[in-house]
Amino acid sequence: MKLDNLNEMQKKAVLKTDGPLLILAGAGSGKTKVLTTKVAYLIEKGVEPSSIVAITFTNKAAKEMKERIYKLVGIEAYNIQISTFHSFGLKIIKENYNLLGYEKNFTILDSDDTLSVIKKIMKRMNIDVKTLNPRYVKNSISSAKNELITPKEYEKYISVEYEKIISKIYEQYQKELVKNNALDFDDLLTLPIKLFNEYPSVLKVYQERYKYILIDEYQDTNKAQYILSKMISAKNKNICVVGDNDQSVYSFRGANYKNILNFEKDYQNAETILLEQNYRSTKTILNAANSVIKNNQFRKDKNLWSNNEVGQKVIYHRAYDERNEADYVISEIRKRLKEGITESEIAVIYRTNAQSRVLEEEFLKSGLPYKIVGSFFFYNRKEIKDLISYLKVIYNEKDDVNLERIINVPKRGIGTKTISNLVSKATLENISLYEAITSGKELEFKKLIDELKTDSETSTLTELIDLILDKSGIKKELEQEKSLEADIRLENLEEFKSITKNFEENEGLVSLEDFLNEISLVSDIEEHKDNKDRITLMTMHAVKGLEFDVVFVVGMEEGIFPHANSSFDKQELEEERRLCYVAITRAKKILYLTNAKRRMLYGKDSINPPSRFINEIDDSLIDSDSNEPLKKIDKSDMINTIPIEFQIGEVIIQDKYGEGIVVGLDDTFITIAFNYPIGTKKFLKNHKSIKKK
DNA sequence: CCATAATTCTTTTTT
DNA sequence: AGAATTATGG
């Protein structure tokens with residue numbers, strides 16, 4: 001194994017194979033290189049590839065790591081378990097579904113499905129969705145699950161009426177999932193833990209199978225993930241985790257960066273290695289990133305340095321609107337392409353998926369090759385979701401959620417009344433909707449599903465899709481409509497077919513089971529069969545762990561980034577800043593920061609000041625090509641000009657959280673207690689979002 | 001009782 | 001802007 005291309009610390013991290021190891025790795029310090037080399041080294045030392053498990057956070061990162069390890073060790077890379085926590089959990093569940101009370105053909109519900117289940121339960125329980133938002137219930141349940149709180153335990157924590165209702169819904173929800181022979185995303189983590197708790201002998205099997213466990217982005221692990229990794233590594237203690245607190249950006253999903261801080265406490269004799277040299281970015285880019293992140297209060301300062309060249313300044317451009325911004329990005333990309341930079345070395349990154357729309361439109365017009373990574377845009381289209389629902393129901397007829405979705409698609413005269421009768425019957429007799437169907441037009445539908453079930457046994461995936469579109473009448477309905485919209489839908493369905501075809505060509509025969517699992521866990525399956533170089537468009541969250549020569553961070557505006565919903569709360573704002581740090585440090589050579597003076601947001605025109613993060617970068621590092629000077633945030637945007645005096649105990653109204661009581665005051669901050677579930681929040685004293693009642 | 005029109009609601013990040 | 005829900009028409 002040649003290790004000459006590693007520095008001393010990296011080498012040390014690779015060579016320390018046994019026992020717990022914590023690698024604190026700054027951005028661009030070569031952590032992926034260390035991880036991949038370490039895996040190769042383990043294999044060279046004689047460790048079975050199948051006894052290694054490497055966990056990443058996104059599917060994209062898993063894929064990347066697989067490819068890099070493949071380059072190092074060749075074909076054996078396929079025997080290493082490299083996946084996200086969720087895929088890993090699914091594998092364990094699939095191997096033990098019977099012990100967990102599921103049938104083999106269980107399905108995985110996506111976020112929308114989950115919400116429908118909750119709405120259905122709330123309706124059944126006569127809970128008004130206006131008093132309790134189903135979305136909120138969904139988040140609460142999800143958080144509880146990720147904190148490994150069962151419905152029973154949830155009851156113990158109840159202090160307000162709200163929680164009592166949620167705990168009831170939570171209980172029903174879990175039952176409903178089992179009845180549907182379905183799992184949600186969180187189950188992929190919690191069920192393996194449940195399994196291991198109930199069957200120590202099974203745990204032992206996994207402990208012996210996976211002798212070496214490596215976890216990337218450890219700062220983003222939540223309680224469930226933390227416990228799962230702890231359980232599996234408990235016997236051999238060969239656990240190596242890599243993380244960087246400055247890149248913790250998943251607290252909304254229950255991630256707890258403290259898992260890193262506690263590592264040394266959790267694992268006796270844990271060794272800690274610091275990787276502090278950045279090999280990725282120019283000094284200028286690194287300085288820009290550092291000047292932003294140093295504004296975070298809750299942070300341990302660290303010494304990330306670089307030997308790279310100074311490089312060119314960060315380029316700041318303020319466009320007129322979002323379309324001009326996109327055009328600017330495109331024209332700059334053309335410039336860089338002429339300079340010899342390839343498309344695959346260019347990325348455009350943004351805070352929210354919605355921003356990709358305009359970008360895509362302009363890229364499409366420009367003719368530049370691009371790819372949108374992780375866009376559920378395509379999979380979220382109605383016709384695609386309907387088709388997937390058909391596939392899910394064919395595979396698992398007990399999946400009431402998906403059955404209800406398609407029972408009247410295309411329209412076959414089954415309306416709300418028929419469905420609600422069916423639901424009542426199914427609930428009463430404790431059977432699935434499918435089983436409850438015995439007569440009427442519904443029976444026709446049931447026969448259709450049965451027929452397709454038979455078809456699925458004899459045809460390939462792509463053939464099955466054709467059969468679904470034909471026999472269901474989806475195709476016919478769209479063809480008869482003869483509208484532009486219907487044509488687009490037909491085209492999308494064709495495109496979906498080419499995706500499955502492509503998938504089958506790459507993977508050989510694909511079972512319905514494998515395909516559904518893949519599509520449930522991976523938001524986008526490789527859409528392009530040509531290996532053409534493409535410009536990458538993706539969110540800041542999705543881009544974590546990747547690097548590009550040229551990076552455009554677009555939408556650098558207050559309200560978008562930092563996001564409006566995150567700019568009230570100090571902790572959330574710091575997470576936005578870490579996200580900015582992640583975004584900036586993706587760039588190797590050239591970094592662009594752009595924004596727009598005005599932008600269509602949620603259907604209305606809005607004018608946002610430049611992001612505060614731009615101001616946090618030293619002016620000396622920025623090259624602004626806009627006419628106006630680098631503008632500091634206009635304080636009037638954030639603070640009322642006339643100070644309003646509040647008193648402790650006073651009731652106020654806050655734009656986001658509603659009514660609250662002032663519980664604390666000092667020179668700069670005001671602390672307000674809101675009703676459950678919001679709790680106390682700290683604001684700038686004169687924030688314009690706070691009003692007298 | 002179903003399909004369509006009108007109206008209201010909600011806008012982050014991922015598995 | 002777009003989805004989701006509710007009111008109206010056939």
Side-chain angles (χ1 to χ4, degrees), chain A residues 55-62 83-90 108-116 119 123 128-130 133-136 139 142 145-146 183-190 217 220-222 224-225 248-255 349-358 373-377 380-382 385 407-408 410-421 440-441 517-524 538-545 555 559-567 569 572-573 575-576 578-580 582-583 599-606 656:
Chain A
I55 307 266
T56 62
F57 257 75
T58 60
N59 294 299
K60 181 98 187 148
S83 62
T84 62
F85 263 113
H86 289 81
S87 304
F88 182 52
L90 175 60
I108 300 165
L109 301 181
D110 68 23
S111 303
D112 284 352
D113 297 340
T114 305
L115 190 62
S116 319
K119 280 182 183 165
K123 206 168 187 177
D128 185 7
V129 292
K130 270 159 198 147
N133 187 334
R135 239 167 261 259
Y136 178 72
N139 289 338
S142 178
K145 290 176 89 163
N146 281 303
L183 316 181
D184 66 12
F185 280 127
D186 305 321
D187 285 334
L188 298 175
L189 304 174
T190 58
E217 310 279 9
D220 287 328
T221 48
N222 60 32
Q225 293 162 331
S248 153
V249 293
Y250 280 100
S251 73
F252 69 91
R253 212 170 71 182
I349 61 184
Y350 36 80
R351 176 66 175 83
T352 68
N353 282 300
Q355 289 168 257
S356 71
R357 208 199 173 100
V358 175
V373 177
S375 92
F376 38 66
F377 245 46
N380 235 11
R381 288 182 174 118
K382 185 187 175 297
K385 289 203 79 171
I407 194 165
N408 198 32
K411 301 211 167 59
R412 39 174 86 87
I414 303 171
T416 45
K417 197 72 201 173
T418 311
I419 294 173
S420 75
N421 284 341
K441 291 170 188 157
N517 284 337
E518 184 81 11
I519 214 165
S520 305
L521 293 179
V522 183
S523 52
D524 62 314
M538 66 201 312
T539 64
M540 296 172 182
H541 282 86
V543 84
K544 196 148 82 122
I560 291 184
F561 188 43
H563 195 277
N565 293 356
S566 298
S567 43
D569 185 276
E572 285 181 50
L573 182 63
E575 180 147 317
E576 293 285 300
R578 289 192 293 271
L579 196 53
C580 185
V582 169
R599 171 186 305 268
M600 276 292 250
L601 264 185
Y602 310 125
K604 57 176 195 259
D605 225 355
S606 61
K656 181 179 172 190

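The figures here come from the full heavy-atom set of this structure, side chains too, leaving out hydrogens, waters and symmetry mates. The chains referred to below are lettered A, B, ... by the order of the sequence lines, with proteins before strands, and numbering in each begins at 1.
The side chain of A/T539 places no N or O atom within less than 4.0 Å of a non-bridging phosphate oxygen (OP1 or OP2) of B/dT12. OP1 or OP2 of B/dA3 lies within a sub-4.0 Å distance of a side-chain N or O belonging to A/N408. Taking 4.0 angstrom as the limit, A/N133 places none of its side-chain polar atoms (N or O) nearer than this to OP1 or OP2 of B/dC9. Applying the 4.0 Å criterion to OP1 and OP2 of B/dT13, one finds that A/N353 has a side-chain N or O inside that range.
Considering only side-chain atoms of A/L521, the nucleotide from B/dT15, B/dC2, B/dT14 that sits closest is B/dT15. With B/dT12, B/dT14, B/dC2 as the candidates, the nucleotide lying closest to the side chain of A/H541 is B/dT14. With distances taken from any side-chain atom of A/T418 to the nucleotides B/dT12, B/dC2, B/dT15, the minimum falls on B/dC2.
In this structure, the side chain of A/N421 does not engage the main chain of A/T418 through any donor-acceptor pair within 3.5 Å. The main-chain N or O of A/T114 is never found under 3.5 Å from a side-chain atom of A/D184 such that the two would form a donor-acceptor pair. The closest donor-acceptor contact from the side chain of A/Q355 to the backbone of A/R351 lies under 3.5 Å. With hydrogens and angles disregarded, a donor-acceptor distance shorter than 3.5 Å links the side chain of A/S116 to the backbone of A/D112. When atom types are taken as modelled, the side chain of A/E572 and the backbone of A/D569 share no donor-acceptor pair closer than 3.5 angstrom.
Note that the CG atom of A/D186 and the CG atom of A/N146 stand 4.5 Å from one another [nearest 0.5 Å].
Residues A/V249 and A/T416 both approach DNA chain B. Their nearest nucleotides, taken by heavy-atom distance, put A/T416 toward the 5′ side. Mapping A/N421 and A/A542 onto DNA chain B by nearest heavy atom places A/N421 closer to the 5' end of the strand.
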task: Let me see the working for A/K544 and A/D220 under side chain to side chain contact (heavy atoms under 4.5 Å, CB included), right down to the final yes or no.
output: CA-CA 11 Å; A/K544 196 148 82 122; A/D220 287 328; 2.3 Å; yes
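One can place NE2 of A/H86 at 8 Å from C1' of B/dT14, the figure rounded to the nearest angstrom. To the nearest angstrom, P of B/dT11 lies 14 Å from CG of A/L601. Nucleotide B/dT15 holds its P atom 13 Å from the CG atom of A/D110, rounded to whole Å. Summarising the geometry, the separation between CD1 on A/I55 and P on B/dT15 is reported as 14 Å, rounded to the nearest angstrom. To the nearest angstrom, C1' of B/dT15 lies 17 Å from CG of A/L115. As rounded to whole Å, 14 Å separates atom C1' of B/dT15 from atom CD of A/E217. Spacing between atom CZ of A/R351 and atom C1' of B/dT11 amounts to 13 Å, rounded to whole angstrom units. Remark: P of B/dT13 and CG of A/N139 are 13 Å apart, rounded to the nearest angstrom.
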query: Which letters describe nucleotides 1-10 of chain C, given B = protein heavy atom under 4.0 Å from base, S = only from sugar-phosphate, - = neither?
result: SS-SS-----
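A heavy-atom distance below 4.5 Å is not found between the side chains of A/Y350 and A/I560.
Nucleotides C/dA4 and B/dT13 place their P atoms 15 Å apart, quoted to the nearest Å.
At the heavy-atom level, A/T58 lies under 4.0 Å from the strands shown only through sugar-phosphate atoms. A/F85 comes within contact range of no nucleotide atom at all, as no heavy-atom separation falls under 4.0 Å.
The aromatic ring centroids of A/H541 and A/F57 lie 6.0 Å or more from each other.
When only modelled atom types and interatomic distance are considered, A/T84 and A/S87 share a side-chain donor-acceptor pair under 3.5 Å.
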Short heteroatom pairs, N/O only, protein and nucleotides 4-7 of chain B, under 3.5 Å:
none

